[in-house]
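First comes the structure, then the notes that go with it.
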Amino acid sequence: MTVWKHEMKMNKKALCIWILCVGAMCFGCILMYTSLEDSLQDMADMYSNMGSLSVAMGMDKMSLATLVGFYATEILMLHGLGGAMFAAITGTGMLSKEEAGHTSEFLHVFPVGRSSILLQKYFALVCNIIIFNLVCMLAYIVGFLLMEEEVPEKEMLLSAVTQLLMQIEIGTLCFCISAFARKNFLGAGLGIVIFFFATDMMCRIIPAIENIKYITPFYYANGADIFTSKSIEGVMISIGIGLTLIAFLTGCWKYHRKDLAA
């Protein structure tokens with residue numbers, strides 16, 4: 001597990017920065033809810049009359065006037081977008097950085113096969129995503145307790161699971177891209193996140209393209225849907241897991257056949 005330990009050590013600083021940026025920001029927003037409650041009531045009334053935009057942001061189902069509604073519509077959206085960016089940035093550099101930094105020759109002189117390197121690097125990616133979500137979600141629960149609000153345990157657990165699966169799916173797609181690339185295509189990873197996020201918004205607004213929801217993991221990780229139905233989209237999650245598996249296997253196939261640059 002030498003490669004895994006090295007990757008965890010190399011990504012430690014980035015992981016801490018993203019936890020502080022995303023987790024601390026969302027935690028702070030929860031603590032600020034009391035001081036914003038009056039203005040959020042006015043915003044809730046305004047958004048309720050904004051038609052398609054209200055639907056896209058889940059405000060036709062949940063109200064900003066409650067902490068639970070604020071968490072489901074705003075906090076989880078910020079967490080999901082930030083977490084997806086973290087997963088994309090980490091994934092796109094996992095394999096390509098060896099060639100970009102001219103360290104692939106050094107790495108492969110050790111008695112470690114490509115399969116072991118792939119699995120350890122991918123395991124490091126998944127571990128970083130799990131740690132990010134675990135620390136952030138614990139902070140959000142603490143925020144609810146400090147605000148003396150009842151913690152919606154089932155809904156928070158379901159939303160945490162879908163957020164984790166969504167970020168692993170995006171991270172794996174970017175991991176696959178890194179297997180094909182000879183340099184870090186950071187822009188491509190962030191572009192995937194923006195594309196999926198925009199796709200989720202558009203398919204909620206425009207009924208004619210509703211079926212494109214099956215290609216974006218942001219759809220099944222939507223907090224307002226989960227908190228309203230108290231359930232998750234089993235079919236869409238299955239599709240997401242399938243796409244994750246395909247992306248991982250494609251990345252493995254390419255990396256095993258790739259002529260690595262020194």
Side-chain angles (χ1 to χ4, degrees), residues 1-23 79-110 112-136 163-197 216-218 221 240 243-262:
M1 297 294 284
T2 305
V3 176
W4 175 79
K5 290 179 181 178
H6 176 72
E7 290 296 336
M8 293 300 293
K9 183 178 179 181
M10 292 293 291
N11 286 288
K12 181 172 63 176
K13 184 181 292 185
L15 175 61
C16 291
I17 290 172
W18 278 93
I19 287 174
L20 286 174
C21 289
V22 178
H79 173 83
L81 194 55
M85 288 182 177
F86 168 67
I89 290 171
T90 307
T92 51
M94 264 304 167
L95 298 175
S96 59
K97 66 183 177 184
E98 303 297 347
E99 292 182 88
H102 305 289
T103 57
S104 58
E105 186 179 58
F106 174 78
L107 177 63
H108 288 279
V109 298
F110 292 99
V112 182
R114 288 197 184 187
S115 295
S116 178
I117 291 171
L118 271 168
L119 290 175
Q120 290 186 61
K121 281 179 171 285
Y122 184 71
F123 185 45
L125 169 64
V126 173
C127 285
N128 273 278
I129 295 172
I130 290 174
I131 293 170
F132 171 83
N133 281 276
L134 183 60
V135 174
C136 289
Q163 288 287 330
L164 179 63
L165 292 175
M166 181 262 287
Q167 292 167 30
I168 290 177
E169 181 179 344
I170 290 175
T172 306
L173 287 172
C174 294
F175 184 82
C176 179
I177 290 173
S178 73
F180 283 82
R182 293 190 182 276
K183 59 181 180 179
N184 193 343
F185 279 99
L186 177 61
L190 294 178
I192 287 174
V193 175
I194 295 171
F195 170 76
F196 281 150
F197 182 75
T216 172
F218 278 95
L243 290 174
T244 302
L245 182 61
I246 291 170
F248 176 70
L249 293 176
T250 302
C252 291
W253 172 84
K254 176 61 180 177
Y255 195 73
H256 275 92
R257 288 158 179 76
K258 191 177 184 180
D259 184 15
L260 297 171

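With rounding to the nearest 0.5 Å, the separation of CD in E169 from CG in L164 is 12.0 Å. Distance check, rounded to the nearest 0.5 Å: CD of Q120 to NE2 of H6 gives 11.5 Å. Here the OG1 atom belonging to T172 is positioned 11.0 Å from the CE atom belonging to M94, to the nearest 0.5 angstrom. Rounded to the nearest 0.5 Å, atoms CG (N11) and SG (C16) are 10.5 Å apart. Atom CG of L173 and atom OG of S178 lie 11.0 Å apart (nearest 0.5 Å). Note: M166 CE to N133 CG = 8.5 Å, rounded to the nearest 0.5 Å.
The backbone N or O of I89 sits less than 3.5 Å from a side-chain atom of T92, completing a donor-acceptor pair. Checked by atom type and distance alone, the side chain of Q163 pairs as donor or acceptor with a backbone atom of A221 at under 3.5 Å.
Side-chain contact between I192 and I177 is present, with at least one heavy-atom pair separated by less than 4.5 Å. By the 4.5 Å heavy-atom criterion applied to side chains, V126 and F175 are not counted as neighbours. With a 4.5 Å cut-off on side-chain heavy atoms, M85 and W18 count as touching. When side chains are defined from C-beta on, T250 does not count as touching K254, because their heavy atoms never get closer than 4.5 Å. With a 4.5 Å cut-off on side-chain heavy atoms, L119 and W4 do not count as touching. Within the 4.5 Å cutoff, the side chain of F86 has heavy atoms near those of the N128 side chain. Between I170 and P217, some side-chain heavy-atom pair lies under the 4.5 Å cut-off.
Ring orientation note: the planes of F248 and Y122 are tilted relative to one another, at an angle of 30° to 60°. Between F197 and F218, the angle of the ring planes goes over 60°, which puts this pair in the perpendicular group of the 30/60° scheme.
Across all non-hydrogen atoms, the minimal contact from A179 to G251 is CB-O, 3.4 Å. Nearest heavy-atom pair, V193 versus A88, reported as atom, atom and distance to 0.1 Å: CG2-CB, 3.7 Å. Smallest separation of non-hydrogen atoms from E7 and A124: CB-CB, 3.6 Å. The shortest heavy-atom contact between I129 and A87 is CD1-CB, 3.8 Å.
The aromatic ring centroids of H79 and F132 lie less than 6.0 Å from each other.
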